[in-house]
Structure formats: C-alpha cells, structure tokens
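Have a look at the structure below before the remarks.
Convention: sequence-line order gives letters A, B, ...; per-chain numbering from 1. Values in this document were obtained by computation on a predicted structure and should not be read as measured data.
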There are 2 protein chains.
Amino acid sequence: MSCETDTIETIRNSDQRMTPQRLLLLSAIRHSGEHVTINQIHDQVKQAYPFINVSTIYRNVSILKELRLISETYKTDGEILYEWIGGHAHLHMMCRNCNEMIEIDDKYLDSLKQDIKKDFGFNIDIDHLAISGLCDQCKKLEQVGYDD
Amino acid sequence: MSCETDTIETIRNSDQRMTPQRLLLLSAIRHSGEHVTINQIHDQVKQAYPFINVSTIYRNVSILKELRLISETYKTDGEILYEWIGGHAHLHMMCRNCNEMIEIDDKYLDSLKQDIKKDFGFNIDIDHLAISGLCDQCKKLEQVGYDD
DNA sequence: GTTGCACCTGCAATTTTTTGCAATAAATAC
DNA sequence: GTATTTATTGCAAAAAATTGCAGGTGCAAC
C-alpha cells in the first residue's frame, strides 16, 4: 500500500501521469517474480487489458527506469531483465557457459564502492549490472578439458 | 604481428575460417580506437569493402565475442560497445546523468573477485560491464538541487 | 463540474537486429 | 594443382525495437 502511494507520488512529482496502463504495468513488474522481460510484462498486462501495445510497454519501462523505480539488468546473453527496486539490492552474476544466474548481496560491493568513491569521486549504483564469469562447475569442467 | 597470428590461430582452432571480411572487421575493431559500435565497425569496413552486409558484422561480432577476442559492453544508455581484448583490462563506469564514461583499472576488482570466488566459487570476468552511477560533478549538482 | 494543457496511448511507419537460404569460398586431403 | 567438405557470405525476409502523430485522457485550476 505505502509503496504504491510512494510510486504514484514519484510519478506525479515528475510531471507524469498515472494511467490505467501504467498501473497495470507497475503491478505486473511487482508481482511477476523477481526478473521479467519486456515480453513477459506485455503478456501479463494483456491478460487484464488485451489492447495494450508493446510500444506502451517499452515507453513506460523506459520512464520507470529513469525514475529509478525499476532496474534494468543486461544478462550476458543479451536478454534484458526488469525488476522492481525497493526490495533488497543485489548483484547478478551470470555464468557465461551455462547461463546460470546467481544473486549476491550487495554488501560485497561495499569495498569497491568506497575505493572508487575515494579515488574517482564516482558513486556506484548497486543495481543494473549482471557480472559475467564462470560458475564453479563450469570452471572445473574447463580445467579438466570437457569444455566446448 | 604476433597478436594477429594469435588471433588467426584462435579462430582456426575453433573450426572457423579467416575470411577477408572477418579480417577487415578485426582490423576495424583493433584500430578504430577503444570502443566502437556495430555501425562504426560497419562504416569502417565499408571503406575497404563497400559490399559488406550489416548481418555479416552482427554475426562476426557475435562469434568474436564468444571466442573472447573482443569484449561487449552495455552502456547504461543502451548503446553497445565493442572493444579489442588484449590491451589492459579495465572497468567502465558510466554516469547515469551526463553519460560520461570513466575507465578504471581492473585492480580495483581484485578484492571483490577474491571474495566472490571464496564464497560462491564464481569466477568474475573483468570485462563486459559498464557500471552505472553518478560522477562527482553530477552528484554535487544533485545535492545542491540543480538536478533534473 | 468544466476547461485547458501537456502527457499518454494505439496505430502505423521506420529503424534496427536476426534469421533462412542458395551461392561462394576457405581449409584440408589428395 | 583439383576435389571435397563445410563454414561463411549477401541478399531478402522476418522479427524486434523505436518513433511520429493524431486523438484521448489525467489532473490541476477554476
């Protein structure tokens, strides 16, 4: 409830309007689990309002992203995921071999954030990035030589 | 010279062929400065061979990416940049307000890499990500209230 | 409630990226 | 050198993402 009031507040405060479409889209992102794609959002909203156009989804996602109400994460395979911000911030790590995605608490970034802040004055956002790498299992396979 | 031999070697070893188009594309990425987009690569190659098709660029970039000969970086404004790997590895940080991009030596990631390795067995690649945040200047503006 | 303005939406058109396929050409073996 | 195999290319078509615009609509002021 309170978060919804906050959301509406945020949108109103930035010269934007709360339309039924936008409300459905917000709700879809909020309730469709952690990470959703544009198409998943579209499908979800269509269930309540079948006439919604994809371009509306794209445009709204872009606006919500700028307002920092949702986060955008580029997976290392190119897929883009959206996620409601407000819960726990976390890092995404994606294995470049098996595409498994691990979520890691953002406390791991604390030290990096401090260093960068101190040396460059740059203030890192915790969200947005999926770090690419190799998970334990795939690393082992690579070493043994069973890799592609 | 040696890196070119290495490159050809890498490509041959993975059941792929060294075509003139691929050679031009490699050279374009290598010599067009640090970061280039698909279109910049295409334009560059067209100067030497005007008949090259964009799809060839897309497909080759994708292959070279998988072979880890080039890195792919998603800027926080959506633009995708490609870069020759082989020089110094570095992090990209991009200000979400002014879009300025700062390059930071990857030594800053050492500690994070170790922690993640220890706790999750996940092996982070240094490349690939542009970290989003606010540069010093934009942060100050935000605090003073001159922000959008 | 009514009005006015700026934002939003859906549609259509455009641009960007991906895919299917026949022809081409690189690499290997002879 | 020639033949064989198979990845690669260019083109065209498809799919995905973006943009322009005219009409619709939220919402604030009255």
[X] side chain near [N] phosphate (N/O to OP1/OP2, under 4.0 Å):
X: T56(B); N: dG10(D); answer: yes
X: Y58(A); N: dA17(D); answer: yes
X: Q21(B); N: dG10(D); answer: yes
X: N53(B); N: dT8(D); answer: no
X: T19(B); N: dA25(C); answer: no

[X] has an atom [atom1]; how far is it from atom [atom2] of [N], in whole Å?
X: L25(B); N: dG10(D); atom1: CG; atom2: C1'; value: 15 Å
X: L24(A); N: dG26(D); atom1: CG; atom2: C1'; value: 15 Å
X: N60(A); N: dA17(D); atom1: CG; atom2: P; value: 16 Å
X: E72(B); N: dT17(C); atom1: CD; atom2: P; value: 11 Å
X: M18(A); N: dG24(D); atom1: CE; atom2: P; value: 23 Å
X: I52(B); N: dT8(D); atom1: CD1; atom2: P; value: 13 Å
X: E79(A); N: dA17(D); atom1: CD; atom2: P; value: 10 Å
X: I57(A); N: dC8(C); atom1: CD1; atom2: C1'; value: 13 Å

- Task: Mind listing the closest non-hydrogen atom pair of E83(A) and I29(A) along with its distance?
- Result: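 Nearest heavy atoms, E83(A) then I29(A): C-CG2, 4.1 Å.
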
- Taking every non-hydrogen atom, the tightest pair across C135(B) and C95(B):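 For C135(B) versus C95(B), the nearest heavy atoms are N-SG, 3.4 Å.
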
- Query: Counting distance only, does the side-chain N/O of S27(A) pair as donor-acceptor with the main-chain N or O of L23(A) below 3.5 Å?
  - Reply: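 Looks like no, no N/O pair under 3.5 Å.
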
- Heavy-atom donor-acceptor pair, H92(B) side chain to S132(B) backbone, under 3.5 Å: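 Not at all, since once roles are kept as given, no pair shorter than 3.5 Å links the two residues.
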
- Message: Counting distance alone, no hydrogens or angles: does the base of dG20(D) have a donor or acceptor under 3.5 Å from a partner atom on the side chain of R59(A)?
- Response: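 A donor-acceptor contact between them is present.
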
- Message: Taking donor-acceptor contacts at under 3.5 Å, does the side chain of R12(B) reach the base of dA27(C)?
- Response: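 No.
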
- Item | Closest-nucleotide ordering on DNA chain C, the 5'-leading residue of R17(B) and N39(B) |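 Its nearest nucleotide lies further toward 5', so the answer is N39(B).
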
- Give a yes or no on this: more than 12 heavy atoms of other residues, nucleotides or ligands lie within 6.0 Å of atom CD of Q137(A).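 Result for CD/Q137(A): open.
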
- Query: Among the nucleotides dA7(D), dT9(C), dT25(D), which one has an atom lying closest to any side-chain atom of Q16(B)?
  - Reply: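 Closest of the options to the side chain of Q16(B): dA7(D).
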
- Message: Heavy-atom nearest nucleotide on DNA chain D for I11(B) versus S55(B): which residue maps closer to 5'?
- Response: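 In this pair, the answer is I11(B).
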
